[in-house]
Amino acid sequence: MKKKLIALLLAFAMVLSLAACGSSSSSSGDSDSSASGDSTAATTTTTDIKIGISIWSSTDVLGSLCADIINTAADALGVEVVFVDQGHVSEQVTASVETLCAAGCDAIIICNSADSEMTSAINTCDEYGTYLVQFFRIISEEDSPEVYQTAVNSNYYVGAVHEDEYGNGYTLMNLLLENGDRNICLEGWTVGDATFQQRWAGYQAALDDWNEANPDDQATMTDPVYANTSSEEGAQVTTSFINTYPDMDALIVAGGGGDPLVGSIGAIENLGLTGTIDVVSTDFLEDLGEQLESGGMFAESGGHFCDPLYAFLMAYQAVTGDLTVSSGEFGYEIEFPYVFVSSSEDYANYETYFVEDTPYTTDEILELATYDFDALKEAATSLSIEDVMERHAS
């Protein structure tokens, strides 16, 4: 009862925030919402479609890239968008869905922090008749069977766009092991987060496979210590690792939008250990090229900010009726590929085709919006640096 009251109060506060901000028009698509739960609308509308975005942060390294690509799509399609930043705090995640439904959204795309939040989110969307798509997340049938069944029973749960997190974790751990690192510390972001759990399983599987194949050359990994989504906590966790494990030679920062990684790199630099401790992570930094060159980073996976673009397109098609949604099945699923970089040269190509330019032009987004689901899925899973280079060759 207490949690429900808190959620309702948060939802009420967010509605007041929406009323205060109103719907703004923006040719640039910039978002200025904050992690405290403030929200902002972007783009003018040429249709009556309004899509809400429930995101941990629309202003950190990864979140701002997500917001930019969503706003680009919204401008192209003439859709009104409303962002609510929920900081991956469970009460705020569920309250954000109430807020966006109450604001009249026809569909919502959401990056939740735990499967448990999705029961409330799905039920709320069913009540309002609002379509719901997950991005960077998918409900685990094995770990959360009751939540999964709620999605199956829903008439408005569209599906999920997510990454191969197990494979992501497996690859990053192998990069460290093949480099000679043996004493590895693990920094997580939120306890119970489904995406982190999958990455962690990948790290552990790669470690177990290595140790089985190399009985005389064993490696270890600590249990995770959680930094949530702030750079301050990332710095604190990393400093504690260094003080506790003097033989530490590598750090995995599992993610968290990029901010915990910024704090961790800063802590290592302040202690004069840049290049001594190999750091791998997920969610590209803005200065990743420089960090790879200086030794601040050893390798990173990312480039997946187009994941919410495809979730947005699925939501749009559900509202327009081009994507059929009905109860009895779990929903549509797209597994998005990661880009891995381990040198400044690798990142230079990524920066050219994903950062300095957008992976999709306005015309390409308009074309994607006309695809059936199979074609949309094929386009998503084909995205790579090489794919963009070929499409945008002048």
Would you confirm whether Ser240, through its side chain, and Gln236, through its main-chain N or O, come within 3.5 Å as a donor-acceptor pair? no

Hey, can you tell me if Tyr131 and Tyr156 have their rings parallel, tilted or perpendicular (30° and 60° cut-offs)? tilted

Hey, are Asp259 and Ser231 close enough side-chain-wise for a donor-acceptor pair under 3.5 Å? no

Polar contact flag, side-chain donor to acceptor under 3.5 angstrom, Asp115-Tyr148: no

Can Ser54 and Gln86 be counted as having a side-chain donor-acceptor contact under 3.5 angstrom? yes

Any sub-3.5 Å donor-acceptor pair from Asn179's side-chain atoms to Leu175's backbone N or O? no

Residue pair Phe135, Tyr310: steps toward the ring pair (Phe, Tyr, Trp, His ring centres under 6.0 Å) verdict: CA-CA 8 Å; Phe135 66 97; Tyr310 281 89; over 10 Å; no

Check this for me: Glu356, atom CD, are more than 12 non-hydrogen atoms of other residues, nucleotides or ligands nearer than 6.0 Å? yes

Return yes if some donor-acceptor pair links the side-chain N/O of Asp287 with the main-chain N/O of Glu290 below 3.5 Å, else return no. no

Polar side-chain atom of Ser144 near backbone of Val147 as donor-acceptor pair, under 3.5 Å: no

Ignoring hydrogens and angles, state whether a donor on the side chain of Asn168 or Ser301 is under 3.5 Å from an acceptor on the partner side chain. yes

Taking atom types as modelled, find out whether Gln317 and Tyr371 have a side-chain donor-acceptor pair closer than 3.5 angstrom. no

Within the distance-only criterion (no hydrogens, no angle test), does the side chain of Ser294 pair as donor or acceptor with the backbone N or O of Gln291 below 3.5 angstrom? yes

Please tell me whether Asn349 and Glu345 have a donor and an acceptor in their side chains that are separated by less than 3.5 angstrom. no

Side chains of Glu178 and Asn174: is there a donor and an acceptor less than 3.5 Å apart? no

Worked verdict on Tyr203 versus Tyr170 for ring pair (Phe, Tyr, Trp, His ring centres under 6.0 Å): CA-CA 5 Å; Tyr203 307 143; Tyr170 196 95; over 10 Å; no

Taking it one step at a time, do Val81 and Asn71 satisfy side-chain contact (heavy atoms from CB on, under 4.5 Å)? CA-CA 8 Å; Val81 292; Asn71 282 325; 3.4 Å; yes

Residue pair Glu187 / Thr238, side-chain donor-acceptor N/O under 3.5 Å: yes

Stepwise side-chain contact (heavy atoms from CB on, under 4.5 Å) test for Glu335 and His162: CA-CA 5 Å; Glu335 191 171 79; His162 66 106; 3.7 Å; yes

Relative to the ring of Phe305, is the ring of Phe354 parallel (under 30°), tilted (30 to 60°) or perpendicular (over 60°)? perpendicular

When you compare the side chain of Ile70 with that of Phe83, does any pair of heavy atoms fall below 4.5 Å? yes

Is there a donor in the side chain of Glu146 and an acceptor in the side chain of Thr150, or the other way round, less than 3.5 Å apart? no

Okay, side chain of Arg199, backbone of Gly169: is any donor-acceptor separation there less than 3.5 Å? no

Using a 6.0 Å cut-off, check whether atom CD of Glu329 has over 12 heavy atoms from anything other than its own residue. no

Specify the closest pair of heavy atoms between Ala369 and Leu77, including all atoms of both residues, with the distance to one decimal. CB-CD2, 3.8 Å

Asn243 (side chain) donor-acceptor with Thr239 (main chain) under 3.5 angstrom: yes

Please report the C-alpha distance between Trp189 and Phe196 in whole Å, then the side-chain angles of each, then the deciding distance to 0.1 Å, and finally whether the ring pair (Phe, Tyr, Trp, His ring centres under 6.0 Å) criterion is met. CA-CA 8 Å; Trp189 68 90; Phe196 169 66; 5.8 Å; yes

Taking all atoms of both residues into account, what is the closest heavy-atom pair of Ser344 and Gly289, and its distance? CB-O, 3.7 Å

Gap separating the CG atom of Leu251 from the CE atom of Met221, nearest 0.5 angstrom: 12.0 Å

State whether a side-chain donor-acceptor pair under 3.5 Å links Ser154 with Asp126. yes

Does atom CD of Gln218 have more than 12 heavy-atom neighbours from other groups under 6.0 Å away? yes

Distance-minimising heavy-atom pair for Ala311 and Val133: CB-CG1, 3.8 Å

With side chains defined as the heavy atoms from C-beta onward, is the minimum distance between Glu80 and Ile49 less than 4.5 Å? no

Tell me the closest heavy-atom pair linking Gly296 and Thr274, and the distance in Å. N-CG2, 3.7 Å

Can you name the nearest heavy-atom pair linking Phe136 to Pro308, along with the distance? CZ-CD, 3.8 Å

Distance only, no hydrogens: is a donor on one side chain within 3.5 Å (strictly under) of an acceptor on the other, for Thr361 and Asp363? no

If two hydrophobic side chains count as joined below 4.5 Å and joins carry through other members, does Phe373 share a cluster with Leu366? yes

Any side-chain donor near an acceptor of the partner, Asp208 and Gln204, under 3.5 Å: yes

Under the criterion side-chain hydrogen bond (donor to acceptor under 3.5 Å, both in side chains), which of Asp217, Asp249, Asp247 is the partner of Arg182? Asp217

Check whether any side-chain heavy atom of Glu300 sits under 4.5 Å from a side-chain heavy atom of Thr282, and report yes or no. no

From CA spacing to verdict: side-chain contact (heavy atoms from CB on, under 4.5 Å), Ile108, Cys101: CA-CA 8 Å; Ile108 295 169; Cys101 284; 3.8 Å; yes

Can you confirm whether Phe330 sits close enough to Ile138 that some side-chain heavy atom of one is under 4.5 Å from a side-chain heavy atom of the other? yes

According to a hydrophobic-cluster definition based on side-chain heavy atoms being under 4.5 Å apart (Ile, Leu, Val, Met, Phe, Trp, Tyr only), do Ile277 and Val225 belong together? yes

Short question: side chain of Thr244, backbone of Phe241 - any donor-acceptor pair under 3.5 Å? no

Is it the case that Glu233 and Ser230 place a side-chain donor and acceptor less than 3.5 Å from each other? yes

Parallel, tilted or perpendicular for Trp56 and His88, by the 30°/60° rule? tilted

Considering residues, nucleotides and ligands other than Glu333, do more than 12 of their heavy atoms fall under 6.0 Å from its CD? yes

Is the shortest side-chain heavy-atom distance between Tyr332 and Thr324 below 4.5 Å? yes

Do Leu132 and Ile122 come within less than 4.5 Å of each other through their side chains, counting heavy atoms only? yes

Answer yes or no: is there a donor N or O on one side and an acceptor on the other, between the side chain of Ser264 and the main chain of Gly234, under 3.5 Å? yes

Is there a side-chain contact (heavy atoms from CB on, under 4.5 Å) between Leu261 and Val279 once you walk through the steps? CA-CA 9 Å; Leu261 177 59; Val279 180; 3.8 Å; yes

Any ion pair linking Asp193 and Arg137 (charged N to carboxylate O, less than 4.0 Å)? yes

pair Tyr157-Cys125: side-chain heavy atoms closer than 4.5 Å: no

Decide yes or no for Glu141 and Gln149: does some side-chain heavy atom of the first lie under 4.5 Å from some side-chain heavy atom of the second? no

Identify the two heavy atoms, one from Ser281 and one from Gly255, that lie closest to each other, and give their separation to 0.1 Å. OG-N, 4.3 Å

Stepwise ring pair (Phe, Tyr, Trp, His ring centres under 6.0 Å) check, Phe336 with His304: CA-CA 7 Å; Phe336 215 81; His304 52 307; 8.2 Å; no

Are any side-chain N or O atoms of Thr222 and backbone N or O atoms of Leu186, one a donor and one an acceptor, separated by less than 3.5 Å? yes

